[in-house]
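Here's the structure we're looking at; comments come further down.
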Amino acid sequence: MPFKYVLMTLWALTVSLNTQAKDWQIKMLSYGEKGPMVFEPDFIQAQVGDTVTFVPTQSGHHVKSYVTADGQGAWSSKLNETYQISLDHEGINLYYCPPHLMMGMVGVIQVGNPINKAAVDAKYPSLRAKVALHPERVDALLKNLE
């Protein structure tokens with residue numbers, strides 16, 4: 001086999017490996033590294049085509065979207081059930097655990113560029129007003145947006 005075909009094959013293999021979608025795992029925890037009632041990780045920087053699987057590692061949790069990337073559509077899991085979403089649109093997804101929102105159980109998934117940041121900024125104050133404990137944790141999440 002000529003050398004150029006070997007190089008082309010290696011290049012194609014490298015490109016295909018680098019473009020494979022990732023499945024992110026987010027644990028829903030009653031107590032984690034950042035304290036009580038957390039998602040771990042609570043912020044991910046994903047790409048279009050990736051998936052996210054929410055895992056109720058400890059009971060009493062579920063996940064619900066608050067702001068989604070344009071075109072993504074709202075989503076909500078059932079209590080104590082594993083839940084998966086496909087990240088089909090670029091933008092920010094802000095989500096929370098309904099039973100534990102007041103305790104600051106909030107997370108962010110940024111897919112590509114934060115093209116819907118204005119929508120997040122507009123809706124964030126009403127979400128934050130419902131957080132009684134650990135509001136600084138929630139504020140820190142939004143500082144991660146690029």
Side-chain angles (χ1 to χ4, degrees), residues 7-146:
L7 286 177
M8 288 174 49
T9 302
L10 288 174
W11 177 82
L13 182 60
T14 301
V15 168
S16 68
L17 290 174
N18 287 336
T19 59
Q20 289 181 347
K22 181 174 181 175
D23 179 27
W24 298 85
Q25 301 286 311
I26 298 177
K27 296 176 186 174
M28 297 182 264
L29 300 168
S30 297
Y31 200 87
E33 292 178 17
K34 293 184 179 179
M37 305 305 163
V38 293
F39 291 102
E40 282 186 5
D42 58 1
F43 180 87
I44 61 172
Q45 177 80 46
Q47 298 301 318
V48 172
D50 288 356
T51 58
V52 173
T53 302
F54 292 92
V55 181
T57 306
Q58 297 164 340
S59 65
H61 303 289
H62 66 105
V63 63
K64 184 173 183 170
S65 62
Y66 188 72
V67 177
T68 60
D70 294 339
Q72 184 68 43
W75 37 271
S76 181
S77 73
K78 293 182 180 176
L79 188 67
N80 299 325
E81 289 190 11
T82 299
Y83 187 73
Q84 186 175 67
I85 60 169
S86 295
L87 303 173
D88 300 324
H89 300 278
E90 189 172 56
I92 302 163
N93 298 277
L94 178 61
Y95 61 91
Y96 64 100
C97 176
H100 303 113
L101 173 59
M102 69 179 249
M103 298 177 80
M105 193 166 178
V106 176
V108 173
I109 302 167
Q110 181 177 326
V111 182
N113 295 310
I115 59 176
N116 62 330
K117 188 166 183 324
V120 172
D121 290 342
K123 290 189 78 175
Y124 175 69
S126 63
L127 179 75
R128 191 185 186 288
K130 297 172 185 167
V131 177
L133 302 172
H134 310 294
E136 70 286 348
R137 191 189 317 164
V138 182
D139 294 337
L141 283 174
L142 294 185
K143 291 180 182 174
N144 290 317
L145 301 175
E146 299 175 357

Quick check: closest heavy atoms across [X] and [Y], and the distance to 0.1 Å?
X	Y	value
Ala21	Gly49	CB-O, 3.0 Å
Asp23	Gln25	OD2-NE2, 2.8 Å
Gln110	Phe43	OE1-CZ, 4.0 Å
His134	Pro36	NE2-CG, 3.7 Å
Arg128	Asp139	NE-OD1, 2.6 Å

Checklist entry - Do Asn80 and Ser59 meet the criterion of a side-chain donor-acceptor pair at a distance under 3.5 Å? => result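 Side-chain D/A pair, Asn80 to Ser59: absent.
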Next on the checklist: Would Val67 and Tyr124 count as a side-chain contact (heavy atoms from CB on, under 4.5 Å) here? Give the steps.
Outcome noted: CA-CA 9 Å; Val67 177; Tyr124 175 69; over 6 Å; no
Donor-acceptor contacts under 3.5 Å from residues 92-109 side chains, at least two apart:
| from | atom 1 | to | atom 2 | distance (Å) |
| --- | --- | --- | --- | --- |
| Asn93 | OD1 | Ala69 | N | 3.2 |
| His100 | ND1 | His61 | ND1 | 3.2 |

Could you list the donor-acceptor pairs under 3.5 angstrom formed between side-chain atoms of residues 83-91 and any protein atom two or more places apart in sequence or on another chain?
| from | atom 1 | to | atom 2 | distance (Å) |
| --- | --- | --- | --- | --- |
| Gln84 | NE2 | Thr53 | OG1 | 2.9 |
| His89 | NE2 | Gly71 | O | 3.1 |
| Glu90 | OE2 | Asn113 | N | 3.0 |
| Glu90 | OE2 | Asn113 | ND2 | 3.3 |

Item to check | Interatomic distance, Thr82 atom OG1 to Phe54 atom CZ [nearest 0.5 angstrom] | outcome: 11.5 Å
Checklist entry - side-chain contact (heavy atoms from CB on, under 4.5 Å) between Trp75 and Val63: does it pass, once the steps are laid out? => result CA-CA 8 Å; Trp75 37 271; Val63 63; 3.6 Å; yes
Item to check | Beyond-backbone contact of Val111 with Asp50, side-chain heavy atoms, under 4.5 angstrom | outcome: no
Next on the checklist: Let's go through Met28 and Ile26 carefully: what are the C-alpha distance in whole Å and the side-chain angles of both, what is the deciding distance for side-chain contact (heavy atoms from CB on, under 4.5 Å) to 0.1 Å, and is it a yes or a no?
Outcome noted: CA-CA 7 Å; Met28 297 182 264; Ile26 298 177; 5.6 Å; no
Next on the checklist: The criterion is side chain to side chain contact (heavy atoms under 4.5 Å, CB included); which residues satisfy it with Glu40, sequence neighbours excluded?
Outcome noted: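 Leu29, Glu33, Val38.
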Next on the checklist: Does Ser77 form a side-chain contact (heavy atoms from CB on, under 4.5 Å) with Lys64? I'd like the steps, not just the answer.
Outcome noted: CA-CA 6 Å; Ser77 73; Lys64 184 173 183 170; over 6 Å; no
